[in-house]
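Scroll down for the structure; my scribbles are underneath it.
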Amino acid sequence: MSAISSKKPYRIGRSSTGLGLFATKPIKKGTKIVRYFGPLLDCKKKKDDAVENKYLFELNNRWTIDGSVRENVARYINHACKPNAESDVRPRKRKVFIRAIKNIEPGEEISYDYGTDYFKAYLKPIGCKCAACEKKRKKKRAEARAERLRLKAKAERKALRKAEKQAAKAEEQHGLNGAKANGVKLNGKHFNGHGGKSAGKIIAVKSGISVSPKGRQRGESRASA
């Protein structure tokens with residue numbers, strides 16, 4: 001395992017979750033990056049066991065490192081569900097080192113998994129903000145947005161089909177009303193005023209004379225014929 005560089009290949013910088021630790025030089029996989037240190041707390045002592053903060057690193061059932069001191073630069077390393085580093089815990093020596101599990105490029109944020117207990121106590125209630133979780137949230141938001149657009153388009157198509165059906169029905173009804181107004185009857189008996197009971201008979205209203213189909217005038221005497 002490579003040793004920690006004396007030139008400190010990292011810097012404190014602004015992260016999406018506040019402050020973070022960023023690589024300033026290429027860090028090879030397996031390299032010890034920084035030591036996580038601070039006062040040792042003996043959990044068997046009430047005074048030590050009463051200490052509470054976000055930077056407590058448990059070595060074993062008895063010893064815990066209080067990493068809240070300013071000199072502990074490793075406390076700026078943020079949690080990630082898909083990290084590029086991990087904690088190398090050495091309980092007997094009561095030491096913890098953060099080492100790379102991937103090649104880390106300059107400018108890349110250094111991260112490691114804080115563990116299940118810390119995640120449940122501090123991160124889950126507010127939502128994990130690591131890059132992997134943020135990517136999942138963005139994907140879910142994009143999928144939800146796409147689903148809303150799909151449903152909206154479906155509703156618009158349905159409304160358009162309904163409007164087209166109503167328009168076609170109204171046009172058909174308008175055509176039927178126009179046909180009735182012109183004397184058309186769909187049973188074939190009437191068409192433009194012809195074909196009714198008065199077919200074959202012409203009525204002269206003013207003269208009062210009716211003419212039969214054969215042309216003989218009613219009321220005319222045979223003598224005059």
Side-chain angles (χ1 to χ4, degrees), residues 1-39 41 51-60 63-91 93-153:
M1 183 185 294
S2 302
I4 300 173
S5 172
S6 59
K7 294 183 180 180
K8 296 181 181 180
Y10 53 79
R11 65 173 178 83
I12 299 171
R14 182 62 58 182
S15 173
S16 59
T17 57
L19 294 177
L21 204 66
F22 294 81
T24 56
K25 295 179 181 181
I27 302 175
K28 293 182 179 181
K29 179 181 177 180
T31 301
K32 289 190 294 183
I33 303 171
V34 65
R35 179 185 168 192
Y36 195 100
F37 70 93
L41 303 177
V51 175
E52 287 288 343
N53 63 62
K54 295 189 298 181
Y55 303 106
L56 298 179
F57 201 113
E58 187 177 291
L59 295 172
N60 51 36
W63 298 103
T64 298
I65 297 174
D66 181 0
S68 61
V69 294
R70 290 187 61 183
E71 294 81 2
N72 179 32
V73 179
R75 70 191 179 110
Y76 293 106
I77 301 177
N78 289 310
H79 163 86
C81 294
K82 292 183 178 181
N84 52 22
E86 69 178 2
S87 58
D88 181 12
V89 184
R90 302 180 182 183
K93 293 184 178 182
R94 299 174 188 174
K95 291 182 179 180
V96 174
F97 292 95
I98 307 302
R99 68 183 181 91
I101 57 175
K102 297 178 181 179
N103 291 331
I104 303 175
E105 299 299 324
E108 189 177 351
E109 184 175 2
I110 301 167
S111 60
Y112 69 96
D113 190 343
Y114 283 7
T116 304
D117 292 339
Y118 188 97
F119 186 90
K120 289 181 177 179
Y122 295 101
L123 300 177
K124 190 175 181 180
I126 61 174
C128 181
K129 297 180 181 179
C130 75
C133 290
E134 185 60 30
K135 186 177 180 180
K136 287 181 182 179
R137 282 192 290 269
K138 285 182 179 180
K139 183 179 180 181
K140 287 183 179 180
R141 287 196 294 266
E143 290 174 348
R145 186 163 52 248
E147 180 64 12
R148 287 195 299 269
L149 291 174
R150 187 187 70 80
L151 293 175
K152 182 180 179 182

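Side chains are part of it too, since the values below use all heavy atoms of this structure and drop only hydrogens, waters and symmetry mates. Since the model is a prediction, treat every value here as computed from it, not as a measurement.
Shown here are the side-chain hydrogen bond (donor to acceptor under 3.5 Å, both in side chains) partners of E86, two or more places apart in sequence or in another chain: R99. Taking K82 as the reference, A132 meet the side chain to side chain contact (heavy atoms under 4.5 Å, CB included) condition, with sequence neighbours excluded. Applying the side-chain hydrogen bond (donor to acceptor under 3.5 Å, both in side chains) test to E147 and every residue at least two apart in sequence or in another chain returns R150. By the side-chain hydrogen bond (donor to acceptor under 3.5 Å, both in side chains) test, E109 is found to be paired with S15, N78, residues two or more places apart in sequence or in another chain being considered. Listed by chain and number, the residues in a side-chain hydrogen bond (donor to acceptor under 3.5 Å, both in side chains) with S68 are D66 (sequence neighbours excluded).
The two residues C128 and F119 make their nearest non-hydrogen contact at CB-CE1, 3.8 Å. Minimum heavy-atom separation, I27 to P9: CD1-O, 3.8 Å. When every heavy atom of R94 is checked against every heavy atom of L59, the shortest pair comes out as CA-CD1, 3.6 Å. Among all heavy-atom pairs drawn from L56 and V51, the shortest one is CD1-O, 3.5 Å. Nearest heavy-atom pair across R75 and R70 is NH2-CA, 3.7 Å. Scanning both residues, A85 and I98, for their nearest heavy atoms gives CB-CG2, 3.9 Å.
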Inset, instruction - Evaluate the criterion ring pair (Phe, Tyr, Trp, His ring centres under 6.0 Å) for residue pair Y55 and F57; output intermediate values, then yes/no. - result: CA-CA 6 Å; Y55 303 106; F57 201 113; over 10 Å; no

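For the pair V73 and Y10, the minimum side-chain heavy-atom distance is below 4.5 Å. At a threshold of 4.5 Å between non-hydrogen side-chain atoms, the residues K54 and Y122 count as touching.
By the neighbour-count criterion of 12 heavy atoms within 6.0 Å, atom CZ of R141 is densely surrounded, having more than that number from other residues, nucleotides or ligands. Heavy atoms of other residues, nucleotides or ligands lying less than 6.0 angstrom from CG of N53 number more than 12.
The CD1 atom of I104 sits 11.0 Å away from atom OG1 of T24, with the distance rounded to the nearest 0.5 Å. Note: I101 CD1 to S111 OG = 8.0 Å, rounded to the nearest 0.5 Å. To the nearest 0.5 Å, the span separating CZ on R14 from CZ on F22 amounts to 9.5 Å. For the atom pair R35 CZ and I65 CD1, the distance stands at 7.0 Å (nearest 0.5 Å). With rounding to the nearest 0.5 Å, the separation of OG1 in T64 from CD in E58 is 5.0 Å. Separation of atoms NZ (K129) and OG1 (T17) is listed at 7.5 Å; rounding is to 0.5 Å.
For N72 (side chain) and F37 (main-chain N/O), a donor-acceptor pair under 3.5 Å exists by modelled atom type.
Sorted by first and then second residue, the ring pair (Phe, Tyr, Trp, His ring centres under 6.0 Å) pairs with a member in residues 129-150 form an empty list; sequence neighbours excluded.
Ring pair Y114/Y112 is tilted by interplanar angle, where 30° to 60° counts as tilted.
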